[in-house]
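This report concerns only the one structure given below.
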Amino acid sequence: MNQPASSASTASQPRHFALIPAAGVGARMGAQIPKQYMPIAGKPMLRHALETFAAHARIAHTFVVVSAGDAWIDELVTPELASRATVLRVGGATRQESVFNGLNEIRHAAGDADWVLVHDAARPGLDAGLIDRLLDTLDGDEVGGLLALPVVDTLKRESAGGRSQETVPRAGLWAAQTPQMFRYALLQRALRQAAEQGRIGAITDDASAIEMLGLQPRLVEGSPRNLKVTLAQDAALAEFFLKG
Ligand code: CTP
Ligand code: MG
């Protein structure tokens, strides 16, 4: 696979790399193949986000992390995509391990101050406008941040027996999406530290590793169309947004 042409960023102009963890099995989806390869709106789910990044002028290069024995990725990365995307067969046992392994693989391509946009393969609804909003909002930011949506539902805490014990105030609550965008060196340090402290299992997104360092990622408004396809019924909704 092709490697990005140049390997150093200038101090004034950090570059933006996309890193797509795609080494999951999609257990909750319950399909015959990993969900990232299920067809959705006419193409494999993963290809949607991959093409969005590849077509974006502000993304220097995209890396896709798959498991070592992945049988579908070579067919998915078409010749047109191959100059803009590189496959890394270093998937781990968890999403965070896959991200961490991927970061280590690209250490010769990315500079410490370059940005890495980590994006779930299972979010096919990402579009160029959302990428621009994230990049524009975080330009020059000290910490980095993530797309997220303010919670609009009334939230209930369940007691034993499936009854509502109380209403949880939703003020200030956001649902995390991806991309989550952090400087290369900071994200690598955050994930390494979480792993060393044995807390990697408590991490379900990249931002939580940053939070464990005592830093506060910026919340940037995402979009309902950027939903994560987790359960079988999510696929129809994602398709609705992609076709609309
Ligand atoms: N992922 C990964 N490596 C893993 C597990 C997950 O790269 N060991 C990726 C998935 O491929 C997906 C993203 O992380 O793009 C978000 O994870 P999730 O939606 O949970 O996908 P799966 O883990 O595949 O699904 P499930 O949890 O239902 O098995
Ligand atoms: Mg999972």
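Side chain to side chain, S208 and D205 meet the donor-acceptor criterion of an N or O pair below 3.5 Å. Side-chain N/O atoms of D112 and Q188 include no donor and acceptor closer than 3.5 Å.
Remark: side-chain polar atoms of K35 are paired, donor with acceptor, to backbone N or O of V229 under 3.5 angstrom. Using modelled atom types, no side-chain atom of D153 and backbone atom of L155 make a donor-acceptor pair closer than 3.5 Å. Judged purely by atom type and a 3.5 angstrom limit, R84 has no side-chain atom pairing as donor or acceptor with the backbone of H61. Using modelled atom types, no side-chain atom of S98 and backbone atom of A23 make a donor-acceptor pair closer than 3.5 Å.
For the pairing with H119, the side-chain hydrogen bond (donor to acceptor under 3.5 Å, both in side chains) check across D206, T62, T178 returns one residue only, T178. Between M181 and the choices V143, I131, L135, the side-chain contact (heavy atoms from CB on, under 4.5 Å) rule is met once, by L135. When each of L19, L134, L147, L146 is checked for a side-chain contact (heavy atoms from CB on, under 4.5 Å) with L117, only L134 meets the rule.
Taking CD1 of I106 as the reference point, atom CG of N101 lies at 12.0 Å (rounded to 0.5 Å). Here D120 contributes atom CG and R95 contributes atom CZ; the two are 4.5 Å apart, rounded to the nearest 0.5 Å.
Linking Ile, Leu, Val, Met, Phe, Trp and Tyr whenever their side-chain heavy atoms come within less than 4.5 Å leaves L227 and L50 in two separate clusters. Neither V151 nor V220 shares a network with the other; the hydrophobic side chains, linked directly or stepwise wherever heavy atoms of I, L, V, M, F, W or Y lie under 4.5 Å apart, form separate groups for each.
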Identify each donor-acceptor pair in which a side-chain atom of residues 233-244 lies under 3.5 Å from a protein atom, sequence neighbours left out, and give them as a table.
unit_1	atom_1	unit_2	atom_2	d
D234	OD2	T230	N	2.8
D234	OD2	L231	N	2.7
E239	OE2	A41	N	2.5

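For CD of E75, the number of neighbouring non-hydrogen atoms (other residues, nucleotides, ligands) closer than 6.0 Å is 12 at most.
Between Y184 and L103 the shortest heavy-atom distance is OH-O, 2.5 Å.
Relative to the six-membered ring of W115, R183 meets both conditions, a distance below 6.0 Å and an angle of at most 45° to the axis.
Listed by chain and number, the residues in a salt bridge (Lys or Arg N to Asp or Glu O under 4.0 Å) with E51 are K43 (sequence neighbours excluded).
Using a 4.0 Å cut-off between a side-chain N of Lys or Arg and a carboxylate O of Asp or Glu, R89 and D70 do not qualify as a salt bridge.
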